[in-house]
Undergrad: 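Dropping a structure here in structure tokens format, bear with me for questions.
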Amino acid sequence: MDGRVGVLLLNLGGPEKLEDVYLFLYNLFSDPDLIRIPLRFLQKPIASLIAASRAPISQENYAMIGGGSPLRQITEEQAENIENVLQRNGLNAKVYVGMRYWHPYTEEAIAQIKRDCITKLVILPLYPQFSISTSGSSIKAIDQLWEADPELKHIERITIRSWYDRPGYIKAMIDLINTKIQSFEEPDLVHIFFSAHGVPVKYVTEYGDPYQVEMENCVDLLMQAIRRDHHRYNAHTLAYQSRVGPVEWLKPYTEQAIGQLAKRGIKNLLVVPISFVSEHIETLQEIDIEYREVAESVGIHNFDRVPALNSHPIFINDLAELVLESLGNVEAPVVPV
Ligand SMILES: C=CC1=C(C)c2cc3[nH]c(cc4nc(cc5[nH]c(cc1n2)c(C)c5CCC(=O)O)C(CCC(=O)O)=C4C)c(C)c3C=C
Ligand SMILES: [Fe+2]
Ligand SMILES: [Fe+2]
């Protein structure tokens, strides 16, 4: 292959220390793809107000998980592991991490990509399902960097939008779900509860975000695979967590759905975080602490969560294979880690 191949993993980023929380939130709320302030010149002043008002509660939450987000470390490990699988398959590519709202920022990654004289870049968002608010926002930021810098035009870009239907991703998820189901005393009675990160309803109804459809398809694929192994597992729910602000978000909301299931007599709940592939505050604090408390308070005492994929080998191999396929190298199956 001519030139040098790079792979850029996109992610959200998270504060590494409690002192970072305000600036991280300010970056997040300054993004018009995350909250749209109709008057553009008010975006930054309003972002600083919302960030200041949310910072204390957000800091409390980060304090509960050790004082910062583990996202950077996990994403850097994923990058290293994908790079190793690519190398083993004869592709001498370098894998970079570009975060939207914290270090290493996407801009920093692109600057390094330029210095490394990369000529072909595979852009791979670490969100299985596409949303305007996540992958969309990061891809747009990259487009803007390309428009602003003529030197970047020499780098060919291959952008992967979403990949929730990849067989390796599904297989790795099923592996984790099955292991957890078997750890319950009565595996047949386990209700599988998919908890996705929410978005405001108008993203789907007004802005055309495919997020909800991709999420529902993803759950269907996972349930089909689970039923192939265990014919009796029909019981599942998809709900949406982590809403912020006063507007309506996708429903059902996770905490309300847990209450409804308790009313139906469900006693065994296995939560599957589904919109994100790494541990972060929404799994470690919101599900493991907040939603566990909600479940306990309504009488669901057998409550567990499936771990995030992080560097699950089946998942890492699948992402490497996805990169190879996007480059047209499909002849050989990947040599696994
Ligand atoms: C697919 C995943 C995610 C979607 C969709 C998403 C949309 C979205 N998020 C906010 C507001 C906040 N998100 C925050 C943190 C955060 N968000 C995601 C993922 C998605 N967000 C993750 C993984 C994280 C945690 C990162 C980490 O620290 O590890 C936060 C800050 C935390 C807090 O204060 O609760 C906010 C705020 C909106 C408004 C939105 C859709 C429009
Ligand atoms: Fe979020
Ligand atoms: Fe949250």
Side-chain angles (χ1 to χ4, degrees), residues 10-18 20-37 43 46-76 97 99-103 125-138 161-164 194-207 209-215 218 238 240-250 254 273-291 308-310:
L10 302 177
N11 214 328
L12 183 124
E16 288 163 89
K17 309 185 290 300
L18 292 183
D20 301 337
V21 169
Y22 168 78
L23 194 53
F24 164 72
L25 291 174
Y26 172 75
N27 289 340
L28 196 139
F29 292 121
S30 297
D31 180 358
D33 286 315
L34 216 78
I35 42 165
R36 284 193 192 183
I37 309 295
Q43 183 87 33
I46 290 180
S48 70
L49 288 176
I50 311 177
S53 77
R54 194 170 170 85
I57 172 91
S58 194
Q59 271 177 336
E60 255 176 52
N61 293 341
Y62 281 106
M64 281 186 226
I65 64 162
S69 173
L71 202 52
R72 179 176 189 160
Q73 193 200 331
I74 295 170
T75 312
E76 283 172 348
V97 171
M99 302 292 197
R100 186 73 180 98
Y101 308 118
W102 201 250
H103 301 282
L126 286 181
Y127 307 95
Q129 309 85 8
F130 183 92
S131 168
I132 295 169
S133 63
T134 55
S135 309
S137 165
S138 277
R161 278 173 65 88
S162 69
W163 41 266
Y164 66 87
F194 296 97
S195 191
H197 197 296
V199 293
V201 170
K202 68 176 177 196
Y203 275 64
V204 176
T205 54
E206 285 178 37
Y207 311 154
D209 200 341
Y211 182 70
Q212 187 178 22
V213 169
E214 294 200 1
M215 194 58 73
C218 182
L238 167 61
Y240 294 91
Q241 66 174 79
S242 318
R243 86 186 172 277
V244 279
V247 299
E248 194 191 359
W249 283 49
L250 292 182
T254 291
I274 187 180
S275 41
F276 216 69
V277 295
S278 316
E279 298 294 354
H280 55 274
I281 192 162
E282 321 286 351
T283 55
L284 299 168
Q285 190 275 329
E286 201 161 321
I287 299 178
D288 292 355
I289 301 176
E290 273 181 50
Y291 295 138
L309 289 167
N310 293 347

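Residues take their numbers from the sequence shown, with the count starting at 1. Ligands are counted one by one from 1 in listed order, and the atoms in each one are counted from 1 as well.
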Undergrad: Answer yes or no: is there a side-chain heavy-atom contact under 4.5 Å between Tyr207 and Pro200?
TA: no
Undergrad: What part of Leu28, side chain, backbone, both or neither, has a heavy atom within less than 4.0 angstrom of ligand 1?
TA: side chain
Undergrad: For the residue pair Trp249 and His197, does the interplanar ring angle fall in the parallel (under 30°), tilted (30 to 60°) or perpendicular (over 60°) class?
TA: tilted
Undergrad: Angle class for the Tyr211/Tyr240 ring planes (parallel below 30°, perpendicular above 60°, tilted otherwise)?
TA: tilted
Undergrad: Is it the side chain, the backbone, both or neither of Glu282 that has a heavy atom closer than 4.0 Å to ligand 1?
TA: side chain
Undergrad: Give the single entry among Tyr127, Tyr240, Tyr62, Tyr203 that approaches atom 28 (O) of ligand 1 most closely by any heavy atom.
TA: Tyr62
Undergrad: Aromatic rings Tyr26 and Tyr22: how do their planes relate, parallel, tilted or perpendicular, breaks at 30° and 60°?
TA: parallel
Undergrad: For ligand 1, which atoms sit closer than 4.0 Å to a heavy atom of Ser133?
TA: 5 (C), 7 (C), 41 (C), 42 (C)
Undergrad: Taking the six-membered ring of Phe29, is NZ or CZ of Arg54 closer than 6.0 Å to its centre and within 45° of its axis?
TA: no
Undergrad: Considering only heavy atoms, does Ser275 approach ligand 1 within less than 4.0 Å through its side chain, its backbone, both, or neither?
TA: both
Undergrad: So, do Ser135 and Arg161 sit near enough that their side-chain heavy atoms are less than 4.5 Å apart?
TA: no
Undergrad: Work out which heavy atom in Val199 is nearest to a heavy atom in Ser131; give both atom names and the distance.
TA: CG1-OG, 3.9 Å
Undergrad: For ligand 1, is any non-hydrogen atom under 4.0 Å from Ser242's backbone (N, CA, C, O), its side chain (CB onward), both, or neither?
TA: neither
Undergrad: Is His197 close to ligand 1, meaning an N/O of one under 3.5 Å from an N/O of the other?
TA: yes
Undergrad: At a 4.0 Å threshold, what atoms of ligand 1 neighbour a non-hydrogen atom of Leu25?
TA: 31 (C), 34 (O)
Undergrad: Please work out, at 4.0 Å between heavy atoms, whether the side chain, the backbone, both, or neither of Val244 comes within that distance of ligand 1.
TA: side chain
Undergrad: May I ask you to test the Ile50-Val244 pair for a side-chain heavy-atom distance under 4.5 Å?
TA: no
Undergrad: Grab the two heavy atoms, one from Asp209 and one from Ser133, that are nearest each other, plus how far apart they are.
TA: OD2-N, 4.3 Å
Undergrad: What atoms of ligand 1 come within less than 4.0 Å of a heavy atom belonging to Val199?
TA: 5 (C)
Undergrad: Is the contact between Thr134 and ligand 1 made by the side chain, the backbone, both, or neither, using heavy atoms and a 4.0 Å cut-off?
TA: side chain
Undergrad: What atoms in ligand 1 come closer than 4.0 Å to a heavy atom of Phe29?
TA: 37 (C)
Undergrad: Any idea which atoms of ligand 1 are less than 4.0 Å away from a heavy-atom of Gly13?
TA: 26 (C)
Undergrad: Roughly how far apart are Leu10 CG and Thr134 OG1, rounded to 0.5 Å?
TA: 10.0 Å
Undergrad: List every atom of ligand 1 that sits less than 4.0 Å from any heavy atom of Ser58, numbering the atoms from 1 in the order shown and giving each element.
TA: 32 (C), 33 (C), 34 (O)
Undergrad: Using the side chain to side chain contact (heavy atoms under 4.5 Å, CB included) rule, pick out the option among Asp20, Leu18, Leu284 that qualifies with Tyr62.
TA: Leu18
Undergrad: Can you list the atoms of ligand 1 that are under 4.0 Å from a heavy atom of Ile281?
TA: 25 (C), 28 (O), 29 (O)
Undergrad: Does only the side chain of Leu12 get under 4.0 Å from ligand 1, or the backbone, or both, or neither? Count heavy atoms.
TA: side chain
Undergrad: Can you tell which part of Trp249 has a heavy atom less than 4.0 Å from ligand 1: side chain, backbone, both or neither?
TA: side chain
Undergrad: Side-chain contact, heavy-atom cut-off 4.5 Å: Tyr291 with Gln241?
TA: yes
Undergrad: Out of all atoms in ligand 1, which are within 4.0 Å of some heavy atom of Ser69? Include the element for each.
TA: 27 (C), 28 (O), 29 (O)
Undergrad: Is Leu34 close enough to touch ligand 1? Criterion: a residue heavy atom under 4.0 Å from a ligand atom.
TA: yes
